[in-house]
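Convention: sequence-line order gives letters A, B, ...; per-chain numbering from 1. Values in this document were obtained by computation on a predicted structure and should not be read as measured data.
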Amino acid sequence: MPAVVSRRPSPIAWLIAPALLLFILFFVLPFAVMVAMSFFSSNPIGNPHAVVTTRHYQRFIEDNAGIFHDALWETLRIGLVTTVASLLIGYPLAHWMARMQSRLGHALALMAVITPLLTGIVVRTFAWMTILQDKGVINTTLISWGLIHKPLPLMYNEFGTVVALVHIYVPFMVLTLIGVIGRIDERFEQAARSLGAGRLRAFAEVTLPLSLPGILAGSLLVFALSISAYVTPSLMGGTNVLTLPMLIAQQVGTSFNPGFAGALGVILLAVSLVIVVAYNRILTRLSGEQGLA
Amino acid sequence: MTSATIKLDCVTKTFDGKVVAVDAVTLDIRAGEFFSLLGPSGCGKTTSLRMIAGFEMPDSGRVHVGGQDITDVPVHRRDMGMVFQSYALFPHRTVAENVAFGLRMRDVPRPEIAKRVAAALAQVALTGLEERRPGQLSGGQQQRVALARALVIEPRVLLCDEPLGALDRKLRQQMQFELKELQQRLGVTLVFVTHDQEEALAMSDRIAVMNKGRVEQVGAPTEIYERPRTRFVADFIGEINLLDDGPCPGALRPEKIRLVPVADARLEGTVETANFLGGATLYRVAAGGRTYLARETHSGERSPRAAGDAVGLAWNDTDVVPLES
Ligand SMILES: Nc1ncnc2c1ncn2[C@@H]1O[C@H](COP(=O)(O)OP(=O)(O)O)[C@@H](O)[C@H]1O
Ligand SMILES: [Mg+2]
């Protein structure tokens, strides 16, 4: 009897089938199409004269218009600044929440972190616009108090973009970190204190290194989300900010050049992969090499 | 190693405004003493220890160590070694780094750190495991690392919160011997928290029995065992027959009851159960409308009795310990 049973495929295999199908249909397939398109002169299905070419990549590398490299750099810069700011804001918040004694307090704080996720990105971006624009809450208040005469340039630039992105992505950082910090036994820090470390030193020597996996995961999540953000940089950056996702949308929507758009996507992916791997290396090196000194 | 006295002076700690964890506890612990806090779970042992360590601030009362009032001194300046219930070894550091931690915090020069770490690990027989991580050690080895880490800073006081609780019986007994031997060799004042009365009796110079945040009795193990002052202490330590009938309540240890021929007996009864314990047998005997516990040691020839046998019970009045009501 058992032999007959064991020859059948495991029931688990059927359970993962829908997920696998979804993964292939919505992740592998579009990605493969994007990569394929980036190596064709035009859509090979609609146009029989389409040829295999690397000219989209050459166009990016030569950058005759002088905007592509800047866009890549700007995208990465926004991604890095957003990630660092989210970490600096999210870590203390997550630590505070993970160590909170009161269950009610914890639940309330968690709700405060999660509720913004329930309103869409567009809504939250518009909210920031009403706060940061020239006739927005901050500028009109400062002007009416006579503190400034001209509105401060708070949006339609990288600053405004980063502010809105940080607000949108901090919850992801916090939720990732809470799980990791909450699982670190408080007694490690207490042991460090009983051995002569002040509170700050105990945190730096014990809790911080033990939470590196959370820092890594949260940073990667926020970085990946913010370099691929489209709506927020478009609205908050106006004409002064051009990121690769905006450029890709232009190529698809107005220039009808899906081949070049595909090439831009592949380039963004490749560059961010390099950054992610390097970041991972640095963090593991940092946590692994804390010796006696 | 220098050791210090510890004095708790009417210390009280309340949590959330209602749970009185420690209730006006006064203790005088001598220098170099092996002192146990013994009591059931939730009676305030850990909280008392944490107030000595400085992790909890007493609501009222003072804590003195070595004659100095240290109630307001922060944890990291108290110079006490602490062994936590689950050891709390730093999982991301090697055994040597764990032990070196306290010395590093004291800015001891590197060559001296290496020397003292090696000596501390030798002291607990862990030489050769320096580069392992805590996760790669057995429970007994982790226990020893925790001890070495606490002792390497040469503390005046060593605080242990149920340090042997996670070990199996055999290892536990061995570690009891080792810990006691180490404490005597170093002469350090050791405050030992446990809910295991056998462990406390075996290891301590003196024991404080706690109940519901209060200290019921302080004394040497023999004193606690042979002359329990309250009903709680008598009941908590070992097996006991509580004799409530009569003018004043008393307690009688099972080994003080003799099983005798019915003719010579003070009370007649029948054996309910006979539990063979190896070196002795514990009988439950129904007599006079209640159950008595009697322990018979197997020295010389055994005269085993089975359930249902009629037996006589006898004891000396001097063996009945009067209890405060
Ligand atoms: N941090 C805390 N917050 C609230 N109540 C606590 C806290 N620590 C201990 N208690 C309560 O105080 C009492 C004594 O606890 P504890 O000292 O841990 O007992 P023991 O170590 O003897 O088991 C218990 O009722 C426990 O629930
Ligand atoms: Mg406890």
Is the count of non-hydrogen atoms from other residues, nucleotides or ligands lying under 6.0 Å from B/Q136 atom CD greater than 12? yes
Surrounding NZ of B/K180 (heavy atoms of other residues, nucleotides or ligands, distance under 6.0 Å), is the total greater than 12? yes
Say whether B/R50 and A/Q190, considering side chains only, have a donor N or O and an acceptor N or O under 3.5 Å apart. yes
Any idea which heavy atoms bring B/F90 and A/F188 closest together, and the distance? CE2-O, 3.2 Å
Return the CZ to CG distance between B/F84 and A/D185, rounded to the nearest 0.5 Å. 9.0 Å
Quick check on A/A192 against chain B: is it the side chain, the backbone, both or neither that has a heavy atom closer than 4.5 Å? both
How close do A/A197 and B/F101 get, heavy atom to heavy atom, and via which atoms? CB-CE2, 4.1 Å
Show the nearest heavy-atom pair for residues B/A88 and A/A191, with the distance to one decimal. O-CB, 3.9 Å
Between B/R77, B/R106, B/M82, which residue shows the highest count of heavy-atom pairs closer than 4.5 Å to chain A? B/R106
Largest heavy-atom contact set with chain A, pairs under 4.5 Å, which of B/R149, B/Q85, B/M105: B/M105
Any chance CZ of A/R281 has more than 12 other-residue heavy atoms, nucleotides or ligands included, within less than 6.0 Å? no
Working to the nearest 0.5 Å, report the span between CG of B/L89 and CZ of A/R187. 11.5 Å
Would you say the side chain of B/R93 lies within less than 4.5 Å of the side chain of A/E205, judging by non-hydrogen atoms? yes
Does the side chain of B/F55 reach to within under 4.5 Å of the side chain of A/S194, using non-hydrogen atoms? yes
Atom CG of residue position A/L273 - does it have more than 12 heavy atoms of other residues, nucleotides or ligands inside 6.0 Å? yes
